[in-house]
Amino acid sequence: MSQSARWSVTADLVQKAVDEDGFVVFDRASGLTHFLSDMPILVLELLAGSDLSTSELLAAIEQSAGLAPGEVPEDVVAQTLADLEKAELITSVVHHSD
Amino acid sequence: MSLLTEFLADPACIRAWRPKEWNRFLPLLREARLMTRALFLAESAGTVDAIPARIVDQMIGARAQTRYVQIQAVRELRLVLQALQHENIRVMALKGVAYQVAALPLAKWRGLSDIDLLVDRADVERAEASLLRSGWVVNGEFDDYDQRYYREWMHEVPPLRHAARETEVDLHHNLSPPVSRIRIDAAELWRGAVAAGENVGMEVSVLSDCDMLLHNAVHLFMNDELRGGLRDVMDFRDLYMHFGTGDEQFEQRLLARAEALGCGLPLYYAIDTARRLVALKPGEKMVADLSRHRPSVFTRSLMRWLIEHALAPTQTALRTTALANWLLFVRSHWIRMPKALLLRHLVRKTLKRRAPISTIQETPG
Amino acid sequence: MSRPTKLILDTGPFRVGITSAIPQLGDTIAFFYRDAISTDRGDVLDYNIGLHRPPGLRAMVRPQVVFDVDGLRPFDPQPLENAFPVFEWGLNWCIATSAHRYMMLHAGTIAFDGQAMILPGTPGSGKSTLSAALHLSGARLLSDEFGLVRPETAELLPLPRGIPLKNASIEAILEFDPAAPLGPTYPKTRKGRVRHLRPDADSLRCQAQPAVPRWLVFPKYVAGAPEVLTPLSRLEAFRQLAFNCFNYTLLGETGFEAVDRIVRAVDCYTFTFSRLDAAVTALQALAQGRQLAIGAGGKA
């Protein structure tokens, strides 16, 4: 049940804004270097504050980008989360509700 | 050998060294995997200024390599724990990776080439299966005989490695193999275990302070060929001094624990070797009490000779090392295996053995 | 069998002991490194290298040479006639496996008045030939293979060695400069036919003087293509420079910071070329602040 998965950041990042095309980051926790564009950076910043579920994250993205609910495609967010998880930057913990 | 132990016992001795000593010392240090340890020793002794600049640069290079493998080991542990999170398996970190997650002083300089994890015997197969499902594969070529040897006679499953990474994962369910004459009650280890990993955002256990030392002793002296070498003797000294400083009960607890787990003999060898080679200074009472665990004077002398020569780096006494290694190997198998199995195993291993001189590939300290 | 002699070679930041009884080897090393060689005065060494002929009956039939360093033998025995290339490759191995005090770029590096141009060695790049030609045209040779960087300052440290030219590159360089000081020909090495270009006296004399990075140029040899410099975005330059670094991953955060330092300090380009002389002219113009042909796209 993906709705009850909560995402959290596992990375310990050093960040460089190399130019307007994006960021390059170094994750001290894994020793990996990543090139990230705006959406993954935004997701990391939102998760850095607190753990969020996918739907909470979607709402937070819409709010920070000044968009109406439903304007941000869910699959874009899902893909970004999958990419960040594969890069070992975030992890999900599944909570089972009663 | 003597330059190494001289330095380890007294880092200030380098002030008297000339180029001749340094040129002999550097390859010994590299071979013993103690480059990074040496840099930290010199730093805390305030003697880095006495090390030639190019040697310091070599040590800094080794430290970079060490730091890299340390980060990769902690990363690998994190990924293993993530893969096992739904299995409800308790995991204990051992040796190098344990020093990292417990943030011990050794974590600064101690390299690793793999991670060692302890799980319950009942959980081993499930843990292995879970890792294999999640992308880890068996690392190396193991035929059926080898696999049985690992599973039945040693305390390990064949090592695993994730297809996308380099760090090897060794799952254990005890610190000494089931067929060994030294039988450690794993339940006792778990009873004494300590929670660690908070500093790196993980939940994992490590051995208690005494058990860490006993594990070091058992691993070094009861395994094949004294594989750990001088570095493990230094680990023993570093752990002993860290846990013993400021804790007057420590030595008594250590001795009592060794006796409870049946590890009096390895503890005796570990302390005796650390005293003679790296200037460990145990208390008088400890030395006196420990003597009830020592073997006959003949065995003692033979073992001292074997240990000293087995720890000698390859350049200094190849033949003697090889002989000593072989004898130790045989001895370790007396302890490990019933006699009937020993001969068969030794013959097989000898047939598979390559030339005694091999290139050292491991991270230099 | 002649008695082994021991030479001391200062090469960049490293001091190397070389012991060998192979007569032609000492002469060849002397040809390339001249004043950087001394006799053993009891120095502290980075590496203690030996090149010896293995004993035994086989040695009569197929003479061989074995490279050893501080008791290790990283390679199988090689044909004796390749003793010098074996020495060079062996020394590279020593540096590559231990010199993590430095960031090691897979790049040719040359200096114009103390400012360094870095030419990373992407496959098919032609960096060695280009570095050789630029050196022959007057630029100081810092290195052909290992761009050594001091991570905390991003300075480039010289490591001026014989530049190995393979197969057709040999003719290309001789066509470029018929007087180019090349060493002996080694017809049968692992990499084919090899000759080395000798670093000039000035490069050896200044091998303790670092240079500041100023230009980062990713060369690409494309047959028949005109010489074109195309500005490269810093982000892409970061990515490609890290990719062309031998020990980027190992250095971790230190490597990350050092690549960032370099990429901020330099002008970044990709450079396609086919003719060596035109390529040298284009890069010299870049070094003098003039540019001949700028490609579209990207930002400087």
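In what follows, chains carry the letters A, B, and so on, assigned in the order in which the sequence lines appear, proteins first and then strands, with residues in each chain numbered from 1.
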- [ ] For B:Glu43, enumerate each residue passing the side chain to side chain contact (heavy atoms under 4.5 Å, CB included) test, keeping only those at least two apart in sequence or located in another chain.
- [x] B:Leu39, B:Phe40, B:Val48, B:Arg63
Open item on the list: So that I know where these two stand, are C:Phe146 and C:Tyr102 an aromatic pair - ring centroids less than 6.0 Å apart?
Closed with: no
TODO: Given side chain to side chain contact (heavy atoms under 4.5 Å, CB included), test C:Glu155 with C:Val149 step by step and report yes or no.
DONE: CA-CA 6 Å; C:Glu155 284 174 310; C:Val149 179; over 6 Å; no
- [ ] For the pair C:Asp43 (side chain) and C:Leu45 (backbone), establish whether a donor and an acceptor sit closer than 3.5 Å, ignoring hydrogens and angles.
- [x] no
Open item on the list: Quick check on C:Asp46 against chain B: is it the side chain, the backbone, both or neither that has a heavy atom closer than 4.5 Å?
Closed with: both
TODO: Indicate the atoms forming the closest heavy-atom contact of B:Leu81 with B:Glu203, along with that distance.
DONE: CD1-O, 4.0 Å
Open item on the list: For residues 80-92 of chain C, give me every residue with a non-hydrogen atom less than 4.5 Å from any non-hydrogen atom of chain B.
Closed with: none
Task: Carboxylate-amine/guanidinium contact B:Arg110 B:Asp235, below 4.0 Å - done: yes
Task: B:Ala50: side chain to side chain contact (heavy atoms under 4.5 Å, CB included) partners, not counting sequence neighbours - done: B:Ile14, B:Arg15
- [ ] Give a yes or no answer on whether the side chain of C:Ser20 reaches the backbone of C:Leu51 with a donor-acceptor pair at less than 3.5 Å.
- [x] yes
Task: Sub-4.5 Å side-chain heavy-atom contact between C:Pro4 and C:Thr19 - done: yes
TODO: Check step by step if side chain to side chain contact (heavy atoms under 4.5 Å, CB included) holds for C:Glu145 and C:Leu159.
DONE: CA-CA 9 Å; C:Glu145 183 72 11; C:Leu159 185 66; over 6 Å; no
TODO: Select all residues of residues 51-59 of chain B having any heavy atom within less than 4.5 Å of some heavy atom of chain C, and report them by number, or 'none'.
DONE: B:Pro52, B:Arg54, B:Ile55, B:Asp57, B:Gln58
Task: Option in C:Thr249, C:Val69, C:Leu251 with maximal non-hydrogen atom pairs under 4.5 Å from chain B - done: C:Thr249
